[in-house]
Amino acid sequence: MELKRCNRCGCFYDSNLNICSNCEPKDNLEIAKLNNYIEKYGNSYSLDEISVSTGISLRNLNRYINDNGIDISL
Ligand SMILES: [Zn+2]
(Lines give C-alpha, C1' and ligand atoms only; values in the text may rest on other atoms or scores of the structure.)
Protein backbone atom coordinates (compact mmCIF):
# COMPACT_ATOMS: atom_id res chain seq x y z
CA MET A 1 0.00 0.00 0.00
CA GLU A 2 1.28 3.38 -0.95
CA LEU A 3 1.86 5.97 1.72
CA LYS A 4 -0.17 9.11 1.43
CA ARG A 5 0.65 12.55 2.63
CA CYS A 6 -1.69 14.10 5.17
CA ASN A 7 -3.57 17.12 3.82
CA ARG A 8 -3.53 18.73 7.19
CA CYS A 9 -0.15 18.21 8.84
CA GLY A 10 1.91 16.90 5.91
CA CYS A 11 3.05 13.70 7.58
CA PHE A 12 3.06 10.41 5.69
CA TYR A 13 0.56 7.79 6.68
CA ASP A 14 -0.98 4.53 5.61
CA SER A 15 -4.74 4.73 5.31
CA ASN A 16 -7.61 5.25 2.90
CA LEU A 17 -8.60 8.49 4.55
CA ASN A 18 -7.63 11.90 3.19
CA ILE A 19 -5.83 12.75 6.41
CA CYS A 20 -3.76 10.90 9.01
CA SER A 21 -5.26 9.40 12.15
CA ASN A 22 -3.75 12.19 14.29
CA CYS A 23 -5.61 14.83 12.35
CA GLU A 24 -8.88 12.98 11.90
CA PRO A 25 -10.41 14.05 15.24
CA LYS A 26 -9.36 17.67 14.62
CA ASP A 27 -10.95 17.59 11.19
CA ASN A 28 -14.13 16.05 12.54
CA LEU A 29 -14.34 18.70 15.23
CA GLU A 30 -13.90 21.53 12.75
CA ILE A 31 -16.34 20.03 10.26
CA ALA A 32 -18.92 19.81 13.04
CA LYS A 33 -18.18 23.44 13.90
CA LEU A 34 -18.57 24.43 10.28
CA ASN A 35 -21.85 22.56 9.94
CA ASN A 36 -23.16 24.19 13.12
CA TYR A 37 -22.17 27.57 11.79
CA ILE A 38 -23.98 27.01 8.49
CA GLU A 39 -27.03 25.70 10.34
CA LYS A 40 -27.10 28.77 12.55
CA TYR A 41 -26.18 31.53 10.14
CA GLY A 42 -26.94 30.05 6.74
CA ASN A 43 -24.50 29.59 3.91
CA SER A 44 -24.39 33.11 2.56
CA TYR A 45 -21.24 34.18 4.39
CA SER A 46 -17.89 34.33 2.66
CA LEU A 47 -15.14 31.93 3.58
CA ASP A 48 -13.21 34.80 5.14
CA GLU A 49 -16.08 35.57 7.48
CA ILE A 50 -16.59 31.91 8.34
CA SER A 51 -12.88 31.50 8.98
CA VAL A 52 -12.81 34.44 11.39
CA SER A 53 -15.97 33.32 13.19
CA THR A 54 -15.08 29.66 13.55
CA GLY A 55 -11.30 29.90 13.87
CA ILE A 56 -10.91 27.37 11.05
CA SER A 57 -8.14 28.27 8.60
CA LEU A 58 -9.10 29.13 5.02
CA ARG A 59 -7.00 26.27 3.77
CA ASN A 60 -8.91 23.78 5.91
CA LEU A 61 -12.26 25.35 5.04
CA ASN A 62 -11.57 24.88 1.36
CA ARG A 63 -10.57 21.31 1.99
CA TYR A 64 -13.73 20.49 3.95
CA ILE A 65 -15.92 22.04 1.31
CA ASN A 66 -14.23 20.14 -1.50
CA ASP A 67 -14.00 16.85 0.36
CA ASN A 68 -17.41 16.84 1.96
CA GLY A 69 -19.49 18.66 -0.60
CA ILE A 70 -20.53 21.24 1.99
CA ASP A 71 -22.81 23.71 0.30
CA ILE A 72 -21.64 27.30 0.60
CA SER A 73 -22.63 29.97 -1.85
CA LEU A 74 -19.45 31.77 -2.76
ZN1 LIG B 1 -2.05 14.77 9.76
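Each residue takes its place number in the sequence, starting with 1. Worth saying up front: this structure is predicted, and the values here are computed from it rather than measured. Both ligands and their constituent atoms are indexed starting at 1 by order of listing.
- Counting all heavy atoms, side chain and backbone alike, Asn18 lies closest to Asp67 at ND2-OD2, 3.7 Å.
- Considering every non-hydrogen atom in both Pro25 and Asn22, the closest pair reads CD-O, 3.6 Å.
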*Where do Glu24 and Ser21 land on the side chain to side chain donor-acceptor pair (under 3.5 Å) test, with the steps shown first?*
CA-CA 5 Å; Glu24 200 194 349; Ser21 54; over 6 Å; no

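- With salt bridges taken as basic N to acidic carboxylate O contacts below 4.0 Å, one links Glu30 and Arg8.
- Heavy atoms only, all atoms of each residue included: Asn16 and Lys4 are closest at O-NZ, 3.5 Å.
- By the 30° and 60° cut-offs, the orientation of the rings of Tyr41 relative to Tyr37 is tilted.
- Listing protein N, O or S atoms at distances below 2.8 Å from the Zn ion (ligand 1), with waters left out, gives Cys6 SG, Cys9 SG, Cys20 SG, Cys23 SG.
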